[in-house]
J.: 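Attaching a single structure in structure tokens format; questions to follow.
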Amino acid sequence: MLAFVLGVAGVLSLSEARADGWSKPIQLRLGPDSNACGLVLPEPLRSRPLILWLHGGMRSQNMAKGWTAELALPPFLKPGSYYLCSPSAYAGADWLTPEGQAHIDALLDYMARHYPVRMDKLILVGVSDGCLGVLRYANGGKHKPSRYVLFSSYPALAVNPEDLFSLPAYASTRWDVFQGGQDRLFPSEDVFPLLQAWAKANPKVKLHLYPDGEHDFSWYMQNTAPEIRKLF
């Protein structure tokens, strides 16, 4: 099976059927600022849930992190079980800006128009700064994800901590939060108490706390792969 995909800005990519159930990575440019977005599709195409991945380093000069960010996911998923996508954030359009949030909506809109994605089963996943984008989008985005997964987060940098206990997006929705005690950017003495209070207020917040856990997603890949697979 061959699938040709034409991006809004005219980038043509080729997806070839593979034995592992996934297409080859597809690179698109979407929206008025030609945001760099990456896709991986199930093969063959069929109705499946969608996972949107938000990368870290949101104020980087690299404006095309989204082209490859979603490639972290397939090792934890059953072959062909989801549609995968990731937009890009960068200096001047990080995840907390209106521009960065618009990149999320533009990609989700594109996926809903072009593929048989189950938007009612939409999952947002964030890593480091990407968690901040997920947290901000949860209460203000156009689409309403069914659940969220965070790796190395600090919610207070994205939302008012009091909102975690009152707004429906945070107080009554499923969140899985992976956090390490050795996180070099988000100290556990600051983050753990907030996460624990959040989980106490919302039983759907599931904490995955690791005393030896580090900030980078590579640590979770190496040490928590079984737990990640259970989520999907």
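The figures that follow rest on heavy atoms only: side chains count, while hydrogens, waters and symmetry mates do not.
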J.: Under the salt bridge (Lys or Arg N to Asp or Glu O under 4.0 Å) rule, collect the residues that match up with K142, sequence neighbours excluded.
T.: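 With neighbours one apart ignored, the set is D109.
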J.: Which residues satisfy the salt bridge (Lys or Arg N to Asp or Glu O under 4.0 Å) test with R147, sequence neighbours excluded?
T.: none
J.: A225: which residues meet the side-chain contact (heavy atoms from CB on, under 4.5 Å) condition with it, sequence neighbours left out?
T.: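 Only F76, R229 meet the side-chain contact (heavy atoms from CB on, under 4.5 Å) criterion with A225.
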J.: Return the set of residues passing side-chain contact (heavy atoms from CB on, under 4.5 Å) with V159 (not counting sequence neighbours), or none when no residue passes.
T.: L135, L164, Y170
J.: Is the closest side-chain heavy-atom distance between C85 and L50 below 4.5 Å?
T.: yes
J.: For residues 120-148, which residue pairs qualify under ring-ring contact (aromatic ring centres under 6.0 Å, His included), counting only residues two or more places apart or in two chains?
T.: Y148-W175
J.: Identify, with sequence neighbours excluded, every residue that meets side-chain contact (heavy atoms from CB on, under 4.5 Å) alongside A201.
T.: F165
J.: Looking at residues at least two apart in the chain, or sitting in another chain, which of them share a ring-ring contact (aromatic ring centres under 6.0 Å, His included) with F192?
T.: none
J.: Show every ring-ring contact (aromatic ring centres under 6.0 Å, His included) that has at least one partner inside residues 39-58, sequence neighbours left out.
T.: W53-F217, H55-W95
J.: State which residues pass side chain to side chain donor-acceptor pair (under 3.5 Å) with H208; sequence neighbours excluded, sorted by chain then number.
T.: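 For H208, the residues satisfying side chain to side chain donor-acceptor pair (under 3.5 Å) (neighbours in sequence not counted) are D176.
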J.: For S60, give me all partners under side-chain contact (heavy atoms from CB on, under 4.5 Å), at least two apart in sequence or on another chain.
T.: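 S60 satisfies side-chain contact (heavy atoms from CB on, under 4.5 Å) with N62, K65 only.
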J.: Strictly by salt bridge (Lys or Arg N to Asp or Glu O under 4.0 Å), give each pair with a member in residues 72-96 just once, sequence neighbours left out.
T.: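 Counting only pairs at least two positions apart or across chains, the salt bridge (Lys or Arg N to Asp or Glu O under 4.0 Å) contacts touching residues 72-96 are R59-D94.
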J.: Does anything in residues 211-226 pair up under salt bridge (Lys or Arg N to Asp or Glu O under 4.0 Å), and if so which pairs, sequence neighbours excluded?
T.: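 Checked against salt bridge (Lys or Arg N to Asp or Glu O under 4.0 Å) - neighbours excluded - the pairs reaching residues 211-226 are R184-D216.
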J.: Among V125, L107, I123, exactly one meets side-chain contact (heavy atoms from CB on, under 4.5 Å) together with L52. Which residue is that?
T.: L107
